[in-house]
Amino acid sequence: MDIIFPGIVIFLFLLATFDLTVGVSNDAVNFLTSAVGSRAASFRRIMFVAAAGVFVGACTSNGMMDIARHGIFRPENLSFYDVMAIFMAVMVTDIILIDIFNSLGMPTSTTVSLVFELLGATFVVALFKIADPAGPTSLGAYLNAEKALSVILGIFLSVAIAFIFGTVVQFIARLIFTFEYKSRLKWKVGLFGGVACTAIVYFMLLKGIKGMSFMTPEATAWIQDNTTLILGCCLAGFTLLSQLMHLCRINVFKVVVLLGTFSLAMAFAGNDLVNFIGVPLTSLSSYQDYAANGVGDARSFMMSSLNGHADTPIYYLIGAGMIMVVALATSKKARQVTQTTVGLSSRSQGDELFGSSRSGRMLVRAFLNCYAWIEERTPKRIKSWLRRRMDTRTMQPEDGAAFDLVRGGVNLMIASMLIALGTSMKLPLSTTFVTFMVAMGTSLADRAWSRESAVFRVTGVVSVIGGWFITAGVAFIGAGLVVCLMHMGGVPVMIAGGIIAIAVLIIGNIRYGKKKKDVRDDTLFQTILATKNPADVWPILIEYINEKQKMFLHFAGDTFNAISGGFIGDNGKLLAQAEKALEKEKDILKSQRRKMTLCLRQAAIETVMEKSTWFHLGNNMEMSMSYNLRRINEVCKEHVDNNFRPLPAQFHDSLSSVSLDISAVLKDAADTIGNGHPEEIDVLRNRCENIKARLSQLAREVYDLLQTGDDANMTVAYVCVNLLQESQEFVTSLRKLLRASGKLNLQPNSYRSFSHH
């Protein structure tokens, strides 16, 4: 036992290394979004600034958070074994939970996850302790629920206040600068730079520096006593400095964004570092106390020593800072989580990361009704003035930016001010909540959500917010279940849990890497949107369309085989699998159509006029073929699931044969699209006509069966007729798709070389 507990402590530090990696991937969105979205600098430079902030914040952090020692549980009533089980359960659950959110590209709060993991694990351990008549019998003797409740209060406040403040301040800033801000700076830029930099410094003083290890009580007290003087001097100094930089042709907005990025990164590392290493450091402190004073029984040695405060050696902080910097520089998931917020803030109608939901549609409709009511009652002169000031056609973002530098600066300024204000009021505002909701508020004020994208964006915001609250519940339940197993199974289960957590993390990263390898379609899509010359768009777009059509035809062939095979072989499992695949394909086709339409808008107008008919015909035929497959599968699945009479043996060979022919022509069509000549497409379309004739002949044979009046065969005959009729429509749609594809792949003005039959 003396060897096992040091091993667990070492194992917790190993888990903390992984936790630092996934935690930085999650929280990178807090300080990267504004700089990346506004293109304030190159991505490498932004990462360098953020990494510097993270390292400085980590190295100067106090490195210990009381919440891990006595903020949630009361250590005087818990044994050494109890707290080690709690810590192990928290780390295992935290790694798995945050990694899942990162893989989904959803930002979550590491503070909330830690608090509720500690709360859930302690709750279950308390139940075990209450069951023992020798100890206290009330939950209050083991739990400190006030901290968890204060975090929940902070969540509600941060979500609502950050969104409202972000919307209002960005609307005012836009009225002052307009979207054509580069030609309207003059004296405004100096004042904006002064206010923004002062807000960021205020944030650094109250939220960042005051908790650093080098700060003495006297220095902290001096800052608090002279805050007004400091801010006044900063406002005057930064305003003058910003005006001078503008006169020297230095972009003040970029300086503000990079300064804000550094301050948020520093505060994140300085304050949230304890979310990742607080638990293993507390476990080390617990073991040191147990080794020095314990009597050998880990279940009876109480941890009253955790009620005190312990400082962290600097080498732990430097090591944690180095791990965080490496994780920030190498994590692909950090970029994906950042892309979620950037995508929801972007003005462009690119590939929406979220679909449509009923709640999103209801919120958008309510907002439109409210906007129409306000517009009707607004005087015409005011509406005309607002329209001129908010004219998005004059927008001046950097090349490839999702939004301009004005919004990027406001994002960081408002987030800094709100977090500083919350800290001064002793409200536990989450950096994740504030930065995300401010970004959503500023994007709404900037009219970045058009009617075509609003439902998707609102659905995304609702999904992210819902994910935050789900985090609390999942963290509580997950940690509770894990600690229950560990408490009953002992040290072997603790070790097994840690190994499982690391295995899940490694497997998740392997799957994530494989998933990211298949991104050629997204690369082409982004290339098309970034192409400035309309004449260069069509060659890339036709390659993109051909790829998608080939993928669909291969899918259609496999699915048709599965449906016909399931019906002929009376195999309900095949039909159930086909039903799931078709439902997923429906969403894929909708997304592809939207993306291709956006790409078509980038092409030269002459090409669009000539090609759009065939482009839309091809899309419609893909959707029609998908509907045919769904209708076939629905009837066949219901028949097989109800255990009705199977297909008579006399039709097995003929139906199998025509099904193989349909699959073969689909495969040949996939191989021909984009590579074949018009004559080859004509041959495929003639094969489709022959297949339709065979389907008609087979349908007549089934009708002959119906004429016999055999009630036992009536039901299966109707199902077979449905399959054959829908298959005819399916092949007809394939024939039209081939024609549309042939027209699209011809050079402009060369249609006469391709038959029109």
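Remember, predicted model here, so these are calculated numbers, not experimental data.
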query = Going by heavy atoms in the side chains, are V665 and N690 under 4.5 Å from each other?
reply = no
request  = Please name the pair of heavy atoms, one in V36 and one in I46, separated by the smallest distance, quoted to 0.1 Å.
outcome  = N-CD1, 3.9 Å
request  = Might you point out which heavy atoms bring A475 and L97 nearest each other, and give the distance in Å?
outcome  = CB-CD2, 3.9 Å
Heavy-atom closest pair, residues L734 and C688 = CD2-SG, 3.9 Å
Pairwise distance CD(E726) to CZ(R630) - rounded to 0.5 angstrom = 12.0 Å
request  = Starting at CZ of R407, measure out to OG of S34 and round the result to the nearest 0.5 Å.
outcome  = 9.5 Å
inquiry  = Check the orientation of F730 and F560. Use parallel for under 30°, tilted for 30 to 60°, and perpendicular for over 60°.
reply    = parallel
request  = Please examine the side chains of L744 and I542, heavy atoms only from C-beta on, and report whether any two atoms are closer than 4.5 Å.
outcome  = yes
ask   = Hey, mind stepping through V731 and R687 against side chain to side chain contact (heavy atoms under 4.5 Å, CB included) and telling me if it holds?
value = CA-CA 10 Å; V731 175; R687 284 173 61 184; over 6 Å; no
key: Heavy-atom check, side chain of I632 versus side chain of F567, under 4.5 Å   = no
ask   = Backbone N or O of Y718 within a donor-acceptor pair of the N722 side chain at under 3.5 Å?
value = no
key: Heavy-atom check, side chain of T732 versus side chain of K736, under 4.5 Å   = yes
message = Using modelled atom types and a 3.5 Å cut-off, is there a donor and acceptor pairing between side-chain atoms of S443 and backbone atoms of M440?
response = yes
ask   = Can you find a side-chain donor-acceptor pair between S626 and K586 that sits under 3.5 Å?
value = no
inquiry  = Do E729 and R631 have side chains that approach each other closer than 4.5 Å (heavy atoms only, starting at C-beta)?
reply    = no
query = Can you tell me how far the NZ atom of K580 sits from the CG atom of N633, to the nearest 0.5 Å?
reply = 12.0 Å
message = Taking V716's backbone N and O only, do any of them form a donor-acceptor pair with H639's side chain (distance below 3.5 Å, no angle check)?
response = no
message = Do Q728 and S696 pair up side chain to side chain, a donor and an acceptor below 3.5 Å, judged on atom types alone?
response = yes
Pair V640-N571, side chain to side chain contact (heavy atoms under 4.5 Å, CB included): steps then yes or no = CA-CA 7 Å; V640 173; N571 188 336; over 6 Å; no
request  = Check the pair L698 / E701 against side chain to side chain contact (heavy atoms under 4.5 Å, CB included), numbers first and verdict last.
outcome  = CA-CA 5 Å; L698 188 55; E701 296 177 11; 3.7 Å; yes
query = How many angstroms lie between atom CZ of R44 and atom CE of M47, to the nearest 0.5 angstrom?
reply = 11.0 Å
query = Rounded to the nearest 0.5 Å, what separation is found between the CG atom of L655 and the OG atom of S727?
reply = 7.5 Å
Check: D682 and R685 side chains under 4.5 Å, non-hydrogen atoms = yes
inquiry  = Looking at E634, I want to see if its CD is surrounded by more than 12 non-hydrogen atoms of other residues, nucleotides or ligands under 6.0 Å.
reply    = no
request  = Evaluate the side chain to side chain contact (heavy atoms under 4.5 Å, CB included) criterion for residues F644 and E638: first the C-alpha distance (whole Å), next the side-chain angles of each, then the deciding distance (0.1 Å), finally the verdict.
outcome  = CA-CA 9 Å; F644 292 156; E638 181 181 6; 5.8 Å; no
key: S656 (side chain) donor-acceptor with H652 (main chain) under 3.5 angstrom   = yes
task = Kindly check if the number of other-residue, nucleotide or ligand heavy atoms within 6.0 Å of CG (D587) is above 12?
result = yes
note = Sorted by chain and residue number, the side chain to side chain donor-acceptor pair (under 3.5 Å) partners of S113 (sequence neighbours excluded) come out as D94
key: Closest heavy-atom pair and its distance - G557, L666   = CA-CD1, 3.4 Å
query = Can you tell me if NZ on K550 sees more than 12 non-hydrogen neighbours from other groups inside 6.0 Å?
reply = yes
request  = Using a 4.5 Å cut-off on heavy atoms from C-beta on, say whether the side chain of D668 contacts that of L684.
outcome  = yes
ask   = Does the S654 side chain pair with the main chain of F651, one donor and one acceptor, at a distance under 3.5 Å?
value = yes
message = To check you understand the geometry: which heavy-atom pair defines the closest contact between A562 and L575, and what is its length?
response = O-CD2, 4.4 Å
ask   = Can you tell me how far the OG atom of S663 sits from the CG atom of L553, to the nearest 0.5 Å?
value = 11.5 Å
Nearest non-hydrogen partners of S733 and M625, listed with the distance = CB-CG, 3.5 Å
query = Would you call V683 and E679 a side-chain contact if the rule is heavy atoms closer than 4.5 Å?
reply = no
message = What I want to check is whether the side chains of Q697 and R694 have a donor and an acceptor closer together than 3.5 Å.
response = no
